[in-house]
Amino acid sequence: LAYYSIFANVAYGWKGAAFCGRIPFGNNNRALLSRTGIEQDDILMTKWHSKTNRPAFFLVRDKERNTIVLSIRGTLSPRDVLTGLCASC
């Protein structure tokens, strides 16, 4: 679980990493590569900007563990709050 918490944190992009003092400003993919140790060709899909009911996420191949990782970002913007309020159980 601790291993995948890095992927969860990186879903917040460079802003989340910069808040923790770990990554230079401005590039979400660079933050993803740097923090997780994956390679550029392991990035399958990224959507760094959320819309209402369409959260930001990334999908990557983790060769170290032979898995596909889907990481969906939590609340970071007002649009994310609206998405959370519209969620149903």
Side-chain angles (χ1 to χ4, degrees):
L1 190 59
Y3 176 80
Y4 290 108
S5 69
I6 294 169
F7 289 87
N9 181 272
V10 173
Y12 289 89
W14 69 267
K15 293 176 185 176
F19 181 75
C20 297
R22 298 176 187 246
I23 298 294
F25 293 96
N27 189 305
N28 291 322
N29 283 351
R30 188 172 17 157
L32 174 59
L33 297 173
S34 173
R35 292 284 290 135
T36 62
I38 64 169
E39 298 175 8
Q40 181 70 39
D41 64 332
D42 294 327
I43 298 175
L44 304 175
M45 177 182 266
T46 61
K47 297 288 184 189
W48 294 108
H49 301 287
S50 64
K51 296 180 180 179
T52 303
N53 295 322
R54 295 174 192 240
F57 70 94
F58 65 83
L59 184 67
V60 297
R61 177 179 35 238
D62 180 9
K63 290 178 184 172
E64 182 177 329
R65 302 241 173 143
N66 196 32
T67 59
I68 300 294
V69 179
L70 171 63
S71 185
I72 302 171
R73 190 184 78 201
T75 304
L76 182 65
S77 70
R79 281 181 286 225
D80 297 336
V81 172
L82 290 175
T83 297
L85 290 173
C86 293
S88 62
C89 298

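Fair warning: this is a prediction, and the values are worked out from it, not measured in the lab. By convention here, the first residue in the shown sequence is residue 1.
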A.B. asks: Could I get the full list of side-chain hydrogen bond (donor to acceptor under 3.5 Å, both in side chains) partners for Arg54, not counting sequence neighbours?
C.D. replies: none

A.B. asks: I need the minimum non-hydrogen distance between Val10 and Phe58, along with the two atoms involved.
C.D. replies: C-CE2, 4.0 Å

A.B. asks: What are the two closest heavy atoms between Ala8 and Ser71, and how far apart are they?
C.D. replies: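 The pair with the smallest heavy-atom distance is CA-OG, 3.6 Å.
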
A.B. asks: Using 0.5 Å steps for rounding, measure from the CZ atom of Arg65 to the OH atom of Tyr4.
C.D. replies: 5.0 Å

A.B. asks: Tell me if the CG atom of Asn66 is crowded by more than 12 foreign heavy atoms within 6.0 Å.
C.D. replies: no

A.B. asks: Can you name the closest pair of heavy atoms from Ile6 and Arg35 and give their distance?
C.D. replies: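 Shortest heavy-atom separation between Ile6 and Arg35 comes out as CG2-O, 3.4 Å.
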
A.B. asks: To the nearest 0.5 Å, how far apart are CD1 in Ile72 and CZ in Phe7?
C.D. replies: 15.0 Å

A.B. asks: Please name the pair of heavy atoms, one in Ser50 and one in Arg73, separated by the smallest distance, quoted to 0.1 Å.
C.D. replies: OG-NH2, 3.1 Å

A.B. asks: Please report the closest heavy-atom contact between Asn29 and Trp48, naming both atoms and the distance.
C.D. replies: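 Residues Asn29 and Trp48, closest heavy atoms: OD1-NE1, 3.0 Å.
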
A.B. asks: NZ of Lys47: more than 12 outside heavy atoms within 6.0 angstrom?
C.D. replies: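 Counting other residues, nucleotides and ligands, NZ of Lys47 stays at 12 neighbours or fewer.
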
A.B. asks: For a side-chain contact (heavy atoms from CB on, under 4.5 Å) check, start with the C-alpha distance between Val60 and Thr36, then their side-chain angles and the critical distance, and finish with the verdict.
C.D. replies: CA-CA 10 Å; Val60 297; Thr36 62; over 6 Å; no

A.B. asks: Do Ile43 and Leu33 come within less than 4.5 Å of each other through their side chains, counting heavy atoms only?
C.D. replies: yes

A.B. asks: Same hydrophobic cluster for Val69 and Ile38, using side-chain heavy-atom links shorter than 4.5 Å among ILVMFWY?
C.D. replies: yes

A.B. asks: Answer yes if Ile68 and Phe57 sit in the same cluster of Ile, Leu, Val, Met, Phe, Trp and Tyr residues linked by side chain heavy atoms under 4.5 Å apart, and no otherwise.
C.D. replies: yes

A.B. asks: Can you tell if the side chain of Leu44 reaches within under 4.5 Å of the side chain of Arg61, non-hydrogen atoms only?
C.D. replies: yes

A.B. asks: If you compare all heavy atoms of Lys63 against all heavy atoms of Asp41, which two are closest, and at what distance to 0.1 Å?
C.D. replies: NZ-OD2, 3.9 Å

